[in-house]
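Note sheet for the following structure.
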There are 2 protein chains.
Amino acid sequence: MSSAELPDPPGSKRRAKSQRKRLSRDAIVGTAFVVLDERGYDGFNMRGVADALGTGPASLYAHVTGKEELLDLMIDRLAAAIEVPEPDPDRWQEQVKAVITDIYRAFLEHPGLARANLGKIPSGPGALHTIDRFMGLLRAGQLPKKVVAYAVDILPLFATAYAFEQGIFAERMTGEDATRYLEELDEYWRALPADRFPNIHAVVDALIDPEEDPEARFAFGLDMLVTGIAAQRGPRRS
Amino acid sequence: MSSAELPDPPGSKRRAKSQRKRLSRDAIVGTAFVVLDERGYDGFNMRGVADALGTGPASLYAHVTGKEELLDLMIDRLAAAIEVPEPDPDRWQEQVKAVITDIYRAFLEHPGLARANLGKIPSGPGALHTIDRFMGLLRAGQLPKKVVAYAVDILPLFATAYAFEQGIFAERMTGEDATRYLEELDEYWRALPADRFPNIHAVVDALIDPEEDPEARFAFGLDMLVTGIAAQRGPRRS
DNA sequence: ACCTGAACACCGTTCAAGT
DNA sequence: ACCTGAACACCGTTCAAGT
């Protein structure tokens, strides 16, 4: 965030940096976050990370088996940073929503990571701890074991998928371009022939609202999910 | 599916094929499906498609602006093939689930496409038609406009994300490897210290069931979503 | 208009050689 | 043990030249 974005001041050499700080997994992961945030998922590559560390790409492979492991390490660091409260049985639904929203926001800050996280079963130490504590909230809801097992799978998937989708926007266009694009999309949909697209025509007013908080859609979906999960309470004993 | 998977019979030359069939967008898209299914998302590239067509990669660019457009065309063809029934107000929830399940299965047949679809607002002609008809089902549920707008966004996202996640497995390991991997994962979780991971420990029996139909999890999540959506019925007029 | 060979720019990873 | 320069294999895309 801070100094890594700036060009080197005159007189300082990249070499100096690399000699001061020796390479380490932690340093690599930390720098990788900076590079990912600056360049996005598509622009993120081993060469860029090495460059930001003042070394060559080959040097990274002494600490990390490859790009995939590096992304895994980043995901685990992100997962470990999610804070999960002590379960309060009276407020478990709110607590669950709060944690999933935090996950969503964390991935939204690093859109590329959401993409990398999709399709992975988390197994790093940081993620495991967070998962266990998150399960505590679900169990406070008196849900059957099987529902807990499903919910712990589905809820983070939803957060990840939504952050990824949302992140595509943020990555591709700035705020101004985005609203303009949404307005064009709105126009396009309104211009569709009503006879061939009667349903789009009927609800077109509700489809796009450029003023809308981007998180509102996410919150709505999350609410649907948690409502559906809570409805599973009771029917089966476990 | 049929002849494109077979090697060339002896005596036939690639050239013959390319001269018989001229290149076209449709031919390229069709061949792209074969290549994607054979090689997966990571192995899918323009060179491979060109090769399967008996030509060089540069030739594709006369018909398609690039890899991204080619993937968009594939997605649109897939979306157009989804059949949506006439709305039956008494069975709208079942109908919605059936369509979303079809989308899930379609993406599961071509796992790479799910990845490509994430983060895209569908705008091809085939997708638009399917979306409009799908909205018809939601409107039969008497849902407020805003809920229809959210649901039409969230439900396909869920199907896509889940198919993508599921597809990673299918792409990386065959049935035998998958069950073995799940068994190892089961063992690993059971071996976690109960004091540090009390909640995982408590529900570990329900977490992994190698016998379980992989679609059961998806169906469960979809059920939660639709239940949550249906609960939005009525409160607001629209 | 459509196709092609060749090349450009870029990237993950490996390897032999250095310290 | 850690780091590095150089190279390999691969890929999306462009371009000038052909038909």
Side-chain angles (χ1 to χ4, degrees), chain A residues 13-36 38-75 112-113 115-116 120 168 171-172, chain B residues 13-36 38-75 112-113 115-116 119-120 171-172:
Chain A
K13 288 180 186 168
R14 288 269 173 193
R15 293 286 163 191
K17 209 181 216 165
S18 79
Q19 274 161 6
R20 206 169 39 230
K21 260 193 190 175
R22 300 195 71 204
L23 240 42
S24 71
R25 277 166 85 95
D26 265 7
I28 291 171
V29 172
T31 303
F33 267 101
V34 178
V35 175
L36 182 72
E38 270 175 11
R39 316 237 271 252
Y41 183 81
D42 287 330
F44 176 76
N45 55 47
M46 300 298 273
R47 283 170 147 87
V49 176
D51 213 50
L53 285 163
T55 182
S59 302
L60 305 179
Y61 289 80
H63 301 89
V64 160
T65 62
K67 191 182 188 181
E68 190 167 335
E69 191 189 44
L70 177 52
L71 286 169
D72 284 346
L73 291 171
M74 295 169 76
I75 289 168
L113 276 194
R115 176 124 147 226
K120 280 193 179 142
I168 298 284
E171 203 162 304
R172 275 219 269 252
Chain B
K13 287 180 186 168
R14 290 267 174 196
R15 294 285 164 191
K17 211 182 217 169
S18 79
Q19 276 163 4
R20 207 166 41 227
K21 261 193 189 176
R22 301 194 71 205
L23 241 41
S24 70
R25 278 166 84 95
D26 265 6
I28 291 172
V29 172
T31 303
F33 267 100
V34 177
V35 174
L36 182 71
E38 269 175 15
R39 316 237 271 251
Y41 183 79
D42 287 329
F44 177 77
N45 54 46
M46 299 299 271
R47 283 170 148 87
V49 176
D51 212 51
L53 285 163
T55 182
S59 302
L60 305 179
Y61 290 79
H63 300 88
V64 160
T65 62
K67 191 182 188 180
E68 190 168 335
E69 191 188 44
L70 176 52
L71 286 168
D72 284 347
L73 290 171
M74 294 168 76
I75 289 168
L113 275 194
R115 176 127 147 221
K120 282 192 177 143
E171 203 161 304
R172 276 219 269 252

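Just so we're on the same page: letters track the sequence lines, and every chain starts at 1.
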Go through dT14(C), dT4(D), dC3(D) for me and flag the one nearest to the Leu23(A) side chain. dC3(D)

Name the closest nucleotide to the Lys67(B) side chain, picking from dT13(C), dT13(D), dT4(D). dT13(D)

For the pair made of CZ in Arg39(B) and C1' in dC11(D), what is the distance, rounded to whole Å? 12 Å

For Val35(A) and Val49(A), work out which heavy atoms get closest and say how close. CG2-CA, 4.0 Å

What does Ala58(B) touch in the nucleic acid at a heavy-atom separation under 4.0 angstrom: a base, only the sugar-phosphate, or nothing? base

Heavy atoms only: give me the nearest Thr31(A)-Ala52(A) pair and the separation to one decimal. CG2-CB, 3.5 Å

Kindly say if Ser59(B) contacts the phosphate of dT4(C), meaning a side-chain N or O under 4.0 Å from OP1 or OP2. yes

What is the separation between atom CD1 on Ile28(B) and atom P on dT13(D), rounded to the nearest whole Å? 13 Å

Looking at Arg25(B) and His63(B), would you say the former's side chain and the latter's main chain have a donor-acceptor pair under 3.5 Å? yes

Using atom CG of Leu70(A) as one end and atom C1' of dC11(C) as the other, report the distance to the nearest whole Å. 15 Å

His63(B) side chain near dA1(C) phosphate (N/O to OP1/OP2, under 4.0 Å): no

When the distance from CD of Glu68(A) to P of dC11(C) is rounded to whole Å, what number comes out? 19 Å

Which nucleotide in the set dT4(C), dC11(D), dG12(C) lies at the smallest distance from any side-chain heavy atom of Arg47(B)? dC11(D)

Tell me which nucleotide, if any, is Watson-Crick or G-U wobble paired with dG5(C) when both distances must be under 3.5 Å. dC15(D)

For the student: nearest non-hydrogen atoms of Lys120(B) and Glu68(B), plus distance: NZ-CG, 4.2 Å

